[in-house]
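Take a look at the structure below.
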Amino acid sequence: MSTFVITIVVAFIIGYFFIAIESVTKINKAAIAILMCVVCWTLLALGHTDLLGSVLGPDWQLGHAIEKNLGEAGTTLFFLMGAMTIVEIVDQHGGFNWVRGALKSKTKRALLWKIAFMTAILSAVLDNLTTSIVMIMILRKLVTDPKDRIWFASLVIIAANAGGAFSPIGDVTTIMLWNGKMITAMGVISEIIVPSFVAFIVPAFVLQMHLKGELVIPQDEETKEVSIITKVERQIIFVLGVGGLCSVPVFHSLTELPPFMGILLVLAILWTVTEIIYRSREEHDPMAKRVTDLLTRIDMSTILFFLGILMAVATLSEIGVLRALGEWLDQEIGNHYLVTGAIGILSSIVDNVPLVAGAMKMYVMGAPGTDFGVDGIFWQLLAYCAGVGGSMLIIGSAAGVVVMGLEKITFGWYMKNVTWIAFVGYLAGIVIYWLERTLLF
């Protein structure tokens, strides 16, 4: 292996280590992620001429590689920013009041189970990223104690990833496999839904041990906050916001434009409508929730952290480390359950998108009815493992990264308290899928 390749891998590992010990160093993870990204790409820039024709293709160009990967990362970042803004608009105008009302519970454990199932179902309809943002916003209104809320937030990550795994539009990786015709919508739903539910139900049983007693119901101040707009206007904002989020997969399917374009369309419509609503009010009414003011509430450190992580992982993809790792797993292990299970564990360390993309390029589609045919064991397991496996580390999924930023959960706390719980649920789901295949198919 080339010295430059080894150096890039070492730089990534060192950066990852400092992200993991953020609570010890007190250095913001976004700063480390951006530094790691720049260092990895700088090393690749300095050594790429020596790698042409071996690790890199003979026609590989640095500028093209940066533009390609930045474009791929940008689609996720704009989706994230758009979704966060839409959810913030709806929330600030009282749109989620009815959802909070439905979730209100007397005990912490009752709320935990309601949160778990609603998160999983919403994640399948929307996506795990948007659902995580919505649920955290709702949790902030229902749970006042931050120490309790991080346990709820941890289950949101697990349930959101599990819910996204059994839906063809619930996760980026399932969308990739669906578009690649490796899986069908009905095939992945019918065979992965039960393992996915098991993957968050088992952790929920364990997590509820940390939540005892009754909830302290916070005072509802929404009436005062949203009194500037009417009930009908509030409902219009809710329908446009949540309905728009639900329609993004349809927009993507009809136009074949990337999902972030659908998100931006919804944001533009919602922004325009709120401006129309407020134009008859006082110009500088302090109770007006204008989008220009709400944009300042977006957590840019989370956005930059996401950018750094995605672009740093892109260097590993460019130099072929991820594909080589996948090939090694296939040669040394071979068993589909073990290979996809290992890919799922790896997806908690690095982004699952390049892992799944590498697997799709590594393996050739087989005949119908075979393990590599449409809805074959390998592709369905890959959809489950790549989606659910990201829950084992808080930076292993988009949902985890967002919740990490919104609730300020440290990497170390999550790894110490939640990783093993998510891993147990992950394994339980694989066992259930094996039983399904053994007994029913």
Side-chain angles (χ1 to χ4, degrees), residues 23 99-100 102-124 128-129 131-166 193-217 344-345 347-348 384 387-432:
S23 59
V99 180
R100 298 208 314 268
L103 288 174
K104 279 184 178 178
S105 308
K106 292 184 178 180
T107 66
K108 297 175 184 177
R109 290 183 176 179
L111 177 62
L112 182 79
W113 285 102
K114 289 181 180 179
I115 289 290
F117 280 95
M118 181 164 285
T119 300
I121 293 170
L122 283 178
S123 182
N128 50 14
L129 181 61
T131 301
S132 299
I133 299 170
V134 172
M135 298 310 294
I136 292 301
M137 293 296 185
I138 294 173
L139 274 176
R140 287 180 174 179
K141 304 293 185 180
L142 296 175
V143 184
T144 55
D145 187 350
K147 293 181 180 178
D148 282 341
R149 199 162 61 236
I150 59 175
W151 291 107
F152 287 102
S154 298
L155 185 59
V156 165
I157 297 171
I158 295 171
N161 287 330
F166 73 82
I193 186 170
V194 176
S196 294
F197 268 66
V198 170
F200 76 82
I201 289 174
V202 171
F205 271 110
V206 180
L207 288 172
Q208 72 174 354
M209 303 305 294
H210 296 277
L211 298 167
K212 299 179 181 180
E214 297 191 355
L215 276 171
V216 177
I217 306 299
I345 294 174
S347 73
S348 69
Y384 169 85
V388 178
S391 301
M392 285 183 274
L393 291 179
I394 198 165
I395 66 171
S397 65
V401 171
V402 169
V403 173
M404 183 183 192
L406 293 175
E407 285 300 310
K408 310 303 179 189
I409 302 175
T410 64
F411 180 97
W413 181 91
Y414 189 93
M415 187 172 185
K416 177 182 178 181
N417 295 282
V418 183
T419 293
W420 72 270
I421 299 174
F423 180 66
V424 170
Y426 174 71
L427 288 182
I430 293 177
V431 171
I432 293 299

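Numbering of residues begins at 1 and proceeds along the displayed sequence.
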Derivation of the side chain to side chain contact (heavy atoms under 4.5 Å, CB included) call for Phe200 and Val388: CA-CA 9 Å; Phe200 76 82; Val388 178; over 6 Å; no
Using a 3.5 Å distance criterion without hydrogens, assess whether the side chain of [X] forms a donor-acceptor pair with backbone atoms of [Y].
X      : Y      : result
Thr119 : Ala160 : no
Ser347 : Gly344 : yes
Ser391 : Ala422 : no
Thr131 : Ser123 : yes
Thr419 : Lys416 : no

From [X] atom [atom1] to [Y] atom [atom2], the distance as rounded to the nearest 0.5 Å:
X      : Y      : atom1 : atom2 : result
Leu207 : Asn417 : CG    : CG    : 9.5 Å
Leu427 : Ile432 : CG    : CD1   : 12.0 Å
Leu139 : Thr144 : CG    : OG1   : 11.5 Å
Thr410 : Ile394 : OG1   : CD1   : 7.5 Å
Met404 : Ile157 : CE    : CD1   : 9.5 Å
Phe205 : Leu112 : CZ    : CG    : 10.5 Å

Strictly by modelled atom types, are Trp113 and Gln208 linked by a side-chain donor-acceptor pair under 3.5 Å?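 Trp113 vs Gln208: donor-acceptor pair found between side chains.
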Quick one about Ser397 and Asn161 (side-chain donor to acceptor, distance below 3.5 Å, no hydrogens or angles considered), yes or no?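 Yes, Ser397 and Asn161 have a side-chain donor paired with an acceptor closer than 3.5 Å.
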With sequence neighbours left out, what residues match Phe411 under ring-ring contact (aromatic ring centres under 6.0 Å, His included)?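 So Phe411 forms a ring-ring contact (aromatic ring centres under 6.0 Å, His included) with Tyr16.
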Could you list the residues that satisfy ring-ring contact (aromatic ring centres under 6.0 Å, His included) with Phe152, not counting sequence neighbours?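 Partners of Phe152 by the ring-ring contact (aromatic ring centres under 6.0 Å, His included) criterion come out as none, since no residue qualifies.
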Considering all heavy atoms of both residues, which atom of [X] and which atom of [Y] are nearest to each other, and what is their separation?
X      : Y      : answer
Ala165 : Gly387 : CB-CA, 4.5 Å
Ile409 : Tyr414 : CG2-CB, 4.3 Å
Ile158 : Ala199 : CG2-O, 3.6 Å
Val202 : Ala428 : CG2-CB, 4.1 Å
Ala116 : Leu155 : CB-CD2, 3.6 Å
His210 : Val206 : CD2-O, 4.0 Å

Looking at side-chain heavy atoms only, is the closest gap between Pro195 and Tyr426 below 4.5 Å?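 They are not in contact (no side-chain heavy atoms under 4.5 Å apart), so the answer is no.
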Step by step, work out the side chain to side chain contact (heavy atoms under 4.5 Å, CB included) result for Val156 and Ile115. CA-CA 7 Å; Val156 165; Ile115 289 290; 3.7 Å; yes
Compute the centroid of each ring, for Tyr384 and then for Phe166, and state whether the two points are separated by less than 6.0 Å.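 When the ring centroids of Tyr384 and Phe166 are compared, they turn out to be at least 6.0 Å apart.
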Can you run down the salt bridge (charged side-chain N to carboxylate O under 4.0 Å, His left out) pairs that involve residues 389-415, sequence neighbours left out, and say none if there aren't any?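 For residues 389-415, and leaving out neighbouring residues, the salt bridge (charged side-chain N to carboxylate O under 4.0 Å, His left out) pairs sorted by first residue read Arg140-Glu407, Arg149-Glu407, Asp299-Lys408.
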